[in-house]
Amino acid sequence: MKITLKDGVVKEFDSAVSVLDIAKAISEGLARNACAGIVNGEVKDLRYVVDADAEVSICTFEDEAGRMAFRHSASHILAQAVKHLYPEVKLAIGPAIADGFYYDFDREKAFTQEELEALEEEMKKIAKEDLAIERFELPRAEAIKYMEERQEPYKVELIQDLPEDAVISFYKQGDFADLCAGPHLMSTKPVKAIKLTSVAGAYWRGNEKNKMLSRIYGTAYPKASELEAYLTMMEEAKKRDHRKLGKELKLFALLDEGPGFPFFLPKGMTLKNTLLEYWREIHKEAGYVEVSTPIILNRDLWYRSGHWDHYKDNMYTTVIDEEDYAVKPMNCPGGMLIYKQDMHSYRDLPIRMGEIGLVHRHEKSGALHGLMRVRCFNQDDAHIFMTEEQIKDEISGVIRLIDGVYKQFGFKYHIELSTRPENSMGSDEAWEIATNGLRDALDENKIQYTVNEGDGAFYGPKIDFHLEDSIGRTWQCGTIQLDMQMPERFELEYTAADGSKKRPVMIHRVCFGSIERFIGILIEHFAGQFPTWLAPVQVKVLPISEKFVDYAKEVETALDKAGIRVETDNRAEKIGYKIREARNERVPYIIVVGEKDQEAKKVSLRSRKNGEEGQFDLADVIARIQEEIKTKALD
């Protein structure tokens with residue numbers, strides 16, 4: 001039996017072998033750190049037995065699949081701890097999530113901070129006991145009886161929803177057993193560093209008509225040092241929370257009158273418009289034209305685009321003149337109609353068509369989160385119409401453009417290629433051409449990427465850009481989607497060189513993604529200390545007393561005429577207080593003017609980067625700031 005490892009090495013075994021034994025055959029160190037395996041593309045337990053030729057990858061905590069198995073085991077340890085300390089509590093579900101895990105419990109009162117601390121200690125005891133984690137299976141009827149005997153009604157309900165002939169899997173550790181598909185660690189011992197972070201309410205199965213449960217969130221790491229680094233990062237993230245800073249810096253407001261519909265204040269609009277000016281500048285250079293399409297369009301359009309069948313639950317609908325309409329959740333169908341306004345030749349292609357369009361999507365209230373998850377946002381869409389021969393070059397061009405944008409803000413990033421999902425439309429042939437087009441462009445540009453199987457859009461595969469911010473968190477923003485379905489559904493055509501009619505291929509792509517979300521990310525990335533070119537107020541002028549207000553006004557006027565965003569603080573406050581206020585506003589430059597400055601016709605300069613810098617000619621200060629703005633320098 002041949003086992004092909006992820007580095008291409010082939011190992012041979014005489015008989016069936018577990019994933020853990022394969023890890024041991026590679027090295028004892030790998031086996032000690034192994035959390036799960038991937039067998040022929042599917043995540044499996046280390047206890048899973050491979051009995052035929054297969055491709056196998058061993059996953060440690062450094063791999064996503066390994067982390068998920070590790071933290072899923074931590075969630076079971078939490079449930080076991082709860083049953084030890086509060087045996088009357090009923091268990092619901094407890095999955096691993098991006099940065100940790102959670103478990104939902106039915107309890108009459110919410111868990112307190114003191115109770116979370118007690119649960120943490122109990123979890124550490126369970127981990128230290130090195131309990132073997134064992135998998136077993138039961139037929140559906142026996143599984144229901146098993147959970148009824150344990151008085152776990154939520155587990156019974158979950159099992160009852162499974163097919164009659166289903167074989168149900170459970171995982172057992174010591175005196176605790178839970179309904180679960182896995183995978184899990186081999187024992188509780190590796191889960192050494194644990195932190196329960198918060199408690200929240202959550203409806204059973206996400207339905208507001210069901211009972212509200214208590215959800216305990218936590219995280220777990222193999223080493224205490226890794227947990228400490230994560231908690232330090234989370235503390236820093238709290239300081240950078242865009243909702244807090246957005247309010248303090250008067251950028252935007254989130255009001256009860258419009259949950260999920262952000263209000264941008266004057267300074268926020270300055271920031272937003274500066275981003276959009278930059279967007280227009282780089283897209284003009286890259287050969288894009290800008291268009292605008294209506295916010296509301298009729299049902300026939302959304303049916304033709306496939307959104308009515310595949311996306312209707314996320315759309316806002318209305319009736320106009322006794323006809324169904326929808327508020328657009330995406331800009332692309334309108335772009336199709338613009339393409340169809342003219343006859344096109346192969347000589348016209350590629351056509352790069354950009355749109356900053358306001359879209360609306362229905363998000364559940366519990367999912368809303370500041371600017372990161374909203375119900376209306378501006379999407380910096382572009383649609384590129386091209387021939388099949390142009391696919392590789394156009395995708396390469398988009399990759400270069402997005403790369404330039406992210407470097408402008410100091411972001412690192414990694415790339416995922418997402419392939420055909422189950423809920424898709426179109427032929428196998430079209431999907432293969434589209435997927436290979438994306439893959440070839442990435443390979444030709446020597447770009448490293450991971451494959452995210454089955455996570456493409458319903459109309460085509462995509463490339464996703466995941467940004468890493470200044471404290472190490474990742475955000476999915478840019479995307480490139482190759483679409484051969486929508487041109488077919490809208491009957492788009494161009495005239496080929498031989499005079500025949502052909503379908504164009506289409507790229508959907510965004511750089512910022514949601515402008516609102518990107519602003520939220522920037523606020524947290526820069527901790528509100530935007531680079532000078534982006535700052536809503538670039539200079540704050542502070543007269544030492546009322547005697548120098550007129551001179552301060554002269555300075556403000558000169559800065560304003562030079563195209564620099566400036567405010568003057570004329571309040572009758574002490575200068576120390578005004579300086580502290582300006583620093584709290586995270587303004588890049590503070591100009592203080594007093595008697596010596598007025599007499600010398602100069603200004604005293606403070607910068608966010610260097611602190612107090614001394615006295616300068618105003619013309620020199622203006623030239624310095626203009627250069628920062630022109631070059632879009634990062635501080």
Side-chain angles (χ1 to χ4, degrees), residues 249-251 266-278 280-282 285 404-405 407-410 470 522-523 525-635:
L249 301 177
K250 298 180 180 178
L251 300 176
K267 288 179 181 176
M269 278 307 298
T270 298
L271 173 60
K272 189 174 184 179
N273 286 334
T274 304
L275 279 173
L276 296 183
E277 285 164 13
Y278 167 65
R280 290 188 168 100
E281 175 189 315
I282 60 173
E285 289 173 1
V405 169
K407 283 179 178 173
Q408 178 62 65
F409 298 100
S470 58
L522 288 180
I523 292 169
H525 178 58
F526 291 118
Q529 300 184 63
F530 301 109
T532 303
W533 73 275
L534 201 54
V537 177
Q538 294 160 330
V539 179
K540 196 94 171 183
V541 181
L542 311 178
I544 286 178
S545 70
E546 290 183 19
K547 288 195 297 183
F548 308 107
V549 166
D550 289 342
Y551 183 53
K553 187 64 179 175
E554 287 179 33
V555 171
E556 179 186 352
T557 300
L559 289 162
D560 184 56
K561 284 183 177 178
I564 295 168
R565 296 190 287 271
V566 56
E567 285 183 353
T568 298
D569 186 347
N570 288 325
R571 293 177 300 168
E573 299 283 357
K574 290 183 179 179
I575 190 64
Y577 175 80
K578 291 201 280 191
I579 289 171
R580 283 195 302 275
E581 287 276 288
R583 288 172 62 186
N584 288 339
E585 292 172 18
R586 295 160 172 80
V587 178
Y589 289 96
I590 299 170
I591 286 176
V592 178
V593 292
E595 186 173 358
K596 291 181 180 179
D597 303 298
Q598 184 169 296
E599 288 174 355
K601 289 295 178 185
K602 292 178 182 287
V603 295
S604 295
L605 185 69
R606 289 172 173 264
S607 70
R608 193 171 58 201
K609 183 178 181 182
N610 301 321
E612 192 169 346
E613 295 194 24
Q615 199 177 58
F616 295 87
D617 287 333
L618 180 57
D620 293 339
V621 172
I622 287 172
R624 171 178 166 179
I625 295 171
Q626 284 178 326
E627 181 64 16
E628 276 191 44
I629 294 168
K630 181 182 175 182
T631 59
K632 296 182 174 62
L634 293 171
D635 287 352

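Computed from a prediction, not measured in an experiment: that's the story for all the values here.
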Between [X] and [Y], what is the shortest heavy-atom contact and its length?
X: Ala582; Y: Ile590; value: CB-CD1, 3.6 Å
X: Ile622; Y: Ala558; value: CD1-O, 4.0 Å
X: Asp597; Y: Val592; value: OD2-O, 3.4 Å
X: Ala535; Y: Pro588; value: CB-CG, 3.7 Å
X: Arg565; Y: Thr532; value: NH2-O, 4.3 Å

Any salt bridge between [X] and [Y], counting N to O under 4.0 Å?
X: Asp617; Y: Lys602; value: yes
X: Lys596; Y: Glu599; value: no
X: Glu628; Y: Lys609; value: no
X: Glu581; Y: Lys540; value: no

Hey, does [Y] have a side-chain heavy atom less than 4.5 Å from the side chain of [X]?
X: Tyr551; Y: Lys601; answer: yes
X: Val621; Y: Val539; answer: no
X: Leu275; Y: Leu522; answer: yes
X: Val549; Y: Lys553; answer: no
X: Glu554; Y: Leu618; answer: no
X: Phe526; Y: Arg586; answer: no
X: Pro543; Y: Lys578; answer: yes
X: Lys267; Y: Val537; answer: yes

Taking [X] for its side chain and [Y] for its backbone only, find out whether a donor-acceptor pair lies under 3.5 Å.
X: Arg608; Y: Phe530; result: yes
X: Gln538; Y: Ile625; result: no
X: Asn273; Y: Met269; result: yes

Quiz item: Going through the distances and angles, do Lys561 and Thr557 end up as a side chain to side chain contact (heavy atoms under 4.5 Å, CB included)?
Solution: CA-CA 6 Å; Lys561 284 183 177 178; Thr557 300; 3.9 Å; yes

[X] [atom1] to [Y] [atom2] distance, which is reported to the nearest 0.5 Å:
X: Leu251; Y: Lys272; atom1: CG; atom2: NZ; answer: 12.0 Å
X: Tyr589; Y: Asn610; atom1: OH; atom2: CG; answer: 7.5 Å
X: Ile575; Y: Leu542; atom1: CD1; atom2: CG; answer: 4.5 Å
X: Glu556; Y: Ile564; atom1: CD; atom2: CD1; answer: 12.0 Å
X: Arg280; Y: Leu276; atom1: CZ; atom2: CG; answer: 5.5 Å
X: Ile579; Y: Asn584; atom1: CD1; atom2: CG; answer: 12.0 Å

Does [atom1] belonging to [X] count more than 12 external heavy atoms closer than 6.0 Å?
X: Glu613; atom1: CD; value: yes
X: Lys407; atom1: NZ; value: no
X: Arg583; atom1: CZ; value: no

Exercise. Could you tell me how the ring of Tyr278 sits relative to the ring of Phe409: parallel (under 30°), tilted (30 to 60°) or perpendicular (over 60°)?
Key: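 Taking Phe409 first and then Tyr278, their aromatic rings stand perpendicular (interplane angle over 60°).
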
Practice problem: Please test Gln598 against Val593 for side chain to side chain contact (heavy atoms under 4.5 Å, CB included), starting from the C-alpha separation and ending with a verdict. | Solution: CA-CA 7 Å; Gln598 184 169 296; Val593 292; over 6 Å; no

